[in-house]
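In what follows, chains are A, B, ... by sequence order, proteins preceding strands, each numbered from 1.
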Number of protein chains: 2
Amino acid sequence: MSDNEAGVGGVAQSKRADARRNKETLLDAAAKVFVASGVDAPVRDIAREAGVGLGTIYRHFPTRADLVIAVYRHQVEACAEAGPALLASSASPYMALREWINLFVDFLVTKHGLASVLRSDSAGFESLHSYFLDRLLPVCAELFDAAAAAGEVRSDLTAYELMRGVGNLCVGAEGDDRYDALRLVDVLVSGLRLLPD
Amino acid sequence: MSDNEAGVGGVAQSKRADARRNKETLLDAAAKVFVASGVDAPVRDIAREAGVGLGTIYRHFPTRADLVIAVYRHQVEACAEAGPALLASSASPYMALREWINLFVDFLVTKHGLASVLRSDSAGFESLHSYFLDRLLPVCAELFDAAAAAGEVRSDLTAYELMRGVGNLCVGAEGDDRYDALRLVDVLVSGLRLLPD
DNA sequence: AACGATACGGAACCTTGTTCCGCTTAGCAA
DNA sequence: TTGCTAAGCGGAACAAGGTTCCGTATCGTT
């Protein structure tokens with residue numbers, strides 16, 4: 001992590017509030033543009049979307065690649081942080097798991113172009129996949145275990161299997177209108193349920 | 001195939017001799033530059049290497065991608081054509097097979113960057129891999145079967161297995177100085193030999 | 001030898017990543 | 001509140017690479 005980030009779960013730190021705000025704005029804008037135009041979208045488009053100058057982007061992210069990586073990590077982070085929050089706020093562990101998986105699927109489908117970045121052997125991208133797993137698997141496991149402990153879901157599978165299952169259902173989404181990954185995942189997650197009968 | 005190419009095994013046809021010559025020169029120059037600098041080498045470098053202007057490149061290959069594809073096919077083609085030629089000129093089918101496999105390995109190691117092109121989902125690159133197999137497997141089989149028929153090599157494996165074996169030995173070559181794919185392949189091919197004892 | 005079609009070279013153009021620098025402004029001190 | 005100053009900002013300018021265009025040179029034919 002760079003020098004001006006708080007630890008896990010923190011938010012960009014900086015002397016000046018506007019700088020912090022801009023960095024956040026940029027990450028959001030970049031994410032939006034990446035979804036709309038793919039990860040190859042020009043830096044200028046992101047600057048425009050964020051309403052900032054090119055210089056501002058390059059101060060926060062020295063190269064284009066740094067921005068892509070930051071967006072990816074930012075999204076993984078957001079997804080990870082949502083886990084405990086949902087667990088605390090939802091009516092039941094199962095509902096929390098269900099909602100979290102929706103976020104997760106959003107991320108998977110959205111990252112579309114980011115997947116190719118993961119494969120790339122360009123400098124700086126190689127550790128993203130392991131980061132992804134390291135960060136999200138424990139979160140998924142926490143939610144899943146909580147639901148299992150509450151007797152709401154079957155427990156004859158692992159959190160890893162669940163994540164893989166969801167992930168695989170999302171493969172090839174986007175581009176095939178006849179295939180709704182979100183719906184399939186919903187079916188899968190419904191299938192987890194242990195109905196009291 | 002474009003409109004001004006002869007059929008399989010042919011060479012570029014064109015009204016004017018200089019145009020034909022230039023196309024050939026370009027393919028060679030591009031291959032050379034790709035090996036030296038990777039498939040991302042600038043078009044200008046290729047023009048310089050070939051000693052022609054940019055316009056010449058773009059007349060023969062409407063886009064950069066067309067050039068890459070043409071080089072790839074050109075090399076597959078050259079490799080394929082070499083098979084029967086070697087069979088006719090070599091001292092024995094086994095020696096022909098051995099020499100052909102050297103060419104094949106050259107191609108594999110050389111295509112290095114081209115491999116990434118094969119994976120790419122950019123327009124125009126998707127059919128290259130199947131072209132590769134369709135064209136080269138029969139050639140390899142012809143040489144292998146000839147050597148087998150002459151009793152020079154063991155015949156308890158298929159040409160496909162041989163190609164896969166050689167291909168796999170070449171994976172990860174280039175970039176690891178401690179690994180010499182060429183030598184390993186030589187060992188493998190030597191192992192094919194049925195020594196009269 | 002002359003001529004028309006074909007091909008050539010490379011300057012010019014466009015897009016995109018990156019750098020640079022004068023101007024603005026947040027945060028602090030008096 | 002008012003200055004002060006360094007952190008930040010915007011965007012023009014630059015660099016690099018793909019692509020286009022067109023005046024010129026060359027080929028093949030008559």
Side-chain angles (χ1 to χ4, degrees), chain A residues 2-5 11-30 33-34 36-71 113 116-117 120 122-125, chain B residues 2-5 11-30 33-34 36-71 113 116-117 120 122-125:
Chain A
S2 76
D3 51 305
N4 58 357
E5 296 262 338
V11 155
Q13 293 272 35
S14 149
K15 280 287 161 57
R16 284 176 51 165
D18 57 345
R20 226 176 313 147
R21 223 179 315 121
N22 266 321
K23 188 163 188 174
E24 214 60 21
T25 304
L26 271 172
L27 288 171
D28 291 347
V33 172
F34 287 161
S37 315
V39 261
D40 287 334
V43 176
R44 281 168 177 73
D45 289 0
I46 295 164
R48 195 179 322 117
E49 172 70 32
V52 305
L54 280 169
T56 302
I57 290 192
Y58 278 91
R59 174 164 1 260
H60 290 298
F61 310 100
T63 74
R64 199 182 175 293
D66 292 318
L67 175 58
V68 173
I69 291 173
V71 167
S116 65
V117 170
S120 155
S122 305
F125 291 127
Chain B
S2 83
D3 51 305
N4 57 357
E5 298 260 339
V11 155
Q13 295 270 37
S14 148
K15 279 288 160 58
R16 281 173 54 163
D18 56 346
R20 226 176 314 148
R21 223 179 315 121
N22 267 321
K23 188 163 188 173
E24 213 60 23
T25 303
L26 270 172
L27 287 172
D28 291 346
V33 172
F34 287 163
S37 315
V39 260
D40 288 334
V43 175
R44 282 170 177 76
D45 288 2
I46 296 164
R48 196 179 322 118
E49 172 71 32
V52 305
L54 281 168
T56 303
I57 290 192
Y58 279 91
R59 176 163 2 248
H60 290 298
F61 310 100
T63 74
R64 200 184 174 292
D66 292 318
L67 175 57
V68 173
I69 292 173
V71 167
S116 66
V117 169
S120 154
S122 304
F125 292 128

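- In the helix from C:dA1-D:dT30 to C:dA30-D:dT1, the end axes, each obtained as the rotation axis mapping the C1' atoms of four pairs onto the next four within a five-pair block, lie 10° apart to the nearest 10 degrees.
- OP1 or OP2 of C:dG17 has at least one side-chain nitrogen or oxygen of A:R64 nearer than 4.0 Å.
- In this structure, A:D18 does not pair ionically with A:R21, as no charged nitrogen and carboxylate oxygen lie closer than 4.0 Å.
- OP1 or OP2 of C:dC8 lies within a sub-4.0 Å distance of a side-chain N or O belonging to B:N22.
- Within the 3.5 Å criterion, the main-chain N or O of A:T63 finds a donor-acceptor partner in the side chain of A:D66.
- Between B:Y58 and the phosphate of D:dT19, there is a side-chain N or O to OP1/OP2 separation shorter than 4.0 Å.
- When the C1' atom of C:dA26 is taken as reference, atom CZ of A:R21 falls 10 Å away, rounded to whole Å.
- Residues from residues 45-55 of chain A lying near DNA chain D, meaning a heavy-atom separation below 4.0 Å, are A:G51, A:V52, A:G53, A:L54, A:G55 in numerical order.
- Taking the side chain to side chain contact (heavy atoms under 4.5 Å, CB included) definition, one finds that A:A70 meets it with A:L27, A:F61, sequence neighbours left out.
- Considering only the side chain of B:V43, D:dG18 comes nearest among D:dG18, C:dT16, C:dG27.
- For B:R16 against C:dA7, a side-chain-to-base donor-acceptor contact under 3.5 Å is absent.
- In this model, the phosphate group of D:dG8 is not approached by any side-chain N or O of A:T56 to a distance below 4.0 Å at OP1 or OP2.
- In this structure, A:D18 atom CG and C:dC23 atom C1' are separated by 14 Å, rounded to whole Å.
- Under 4.0 angstrom from either OP1 or OP2 of D:dC9 there lies at least one side-chain N or O belonging to A:H60.
- B:R59 comes within contact range of at least one nucleobase, with a heavy-atom separation under 4.0 Å.
- Closest of all the heavy-atom pairs between B:I46 and B:A29 is O-CB, 4.1 Å.
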